[in-house]
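Accompanying notes for the structure given below.
Just the heavy atoms: all of them, side chains too, but no hydrogens, waters or symmetry mates, feed the values below. Bear in mind that the values here come from a model prediction, so they are computed numbers and not experimental data.
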Amino acid sequence: MIPSPLKDKPYDDRETDCLIALEMRVHDVVDEAEAAGWARLEAMAAIASIALNQMFAEQEKEVTNSRRAEAQGKVALKASDSFPR
């Protein structure tokens, strides 16, 4: 089981705590990949690539959601402006 963050909100060592929490799981995955016949460096490179791809996808999703919310706000504003007062 992966430990939870110490606090729900951001705190100074949150990134370090996350690294520590995930490190053993990553080691386990690399060990399993090696046992299956993959070289350790191949497995680590694959994990790094997967992590980067997922990070970029999440960032793109956040940008898209932000733009969508901004556009919806502008549409709502324009709709309210079009009604006579």
Which residues pass the side-chain hydrogen bond (donor to acceptor under 3.5 Å, both in side chains) test with Gln54, sequence neighbours left out?
none

Under 6.0 Å from the CG atom of Asn53, do we count more than 12 heavy atoms belonging to anything else shown?
yes

Are Val26 and Ile20 connected into the same hydrophobic cluster when the rule is that any two of I, L, V, M, F, W, Y join if their side-chain heavy atoms are below 4.5 Å apart?
no

Got a sec: does the CZ of Arg25 have more than 12 other heavy atoms crowding it under 6.0 Å?
no

Minimum-distance pair of heavy atoms, taken over all atoms of Met44 and Val30:
CG-CG2, 3.9 Å

Interatomic distance, Lys7 atom NZ to Asp13 atom CG [nearest 0.5 angstrom]:
9.0 Å

With sequence neighbours left out, write down each residue that passes side-chain hydrogen bond (donor to acceptor under 3.5 Å, both in side chains) with Arg40, or none if nothing qualifies.
Asp31, Glu34

Share the residues that join Leu6 in a hydrophobic cluster, the rule being Ile, Leu, Val, Met, Phe, Trp or Tyr side chains under 4.5 Å apart at the heavy-atom level.
Tyr11

Please check if the side chain of Ser66 supplies one atom and the backbone of Glu62 the other of a donor-acceptor pair under 3.5 Å.
no

Taking side-chain contact (heavy atoms from CB on, under 4.5 Å) as the test, write out the residues that go with Met55, two or more places apart.
Leu52, Gln59

side-chain hydrogen bond (donor to acceptor under 3.5 Å, both in side chains) involving Arg68 - partner list, sequence neighbours excluded:
Asn65

Other hydrophobic cluster members with Ile2, side-chain heavy atoms of Ile/Leu/Val/Met/Phe/Trp/Tyr under 4.5 Å, chained?
Leu22

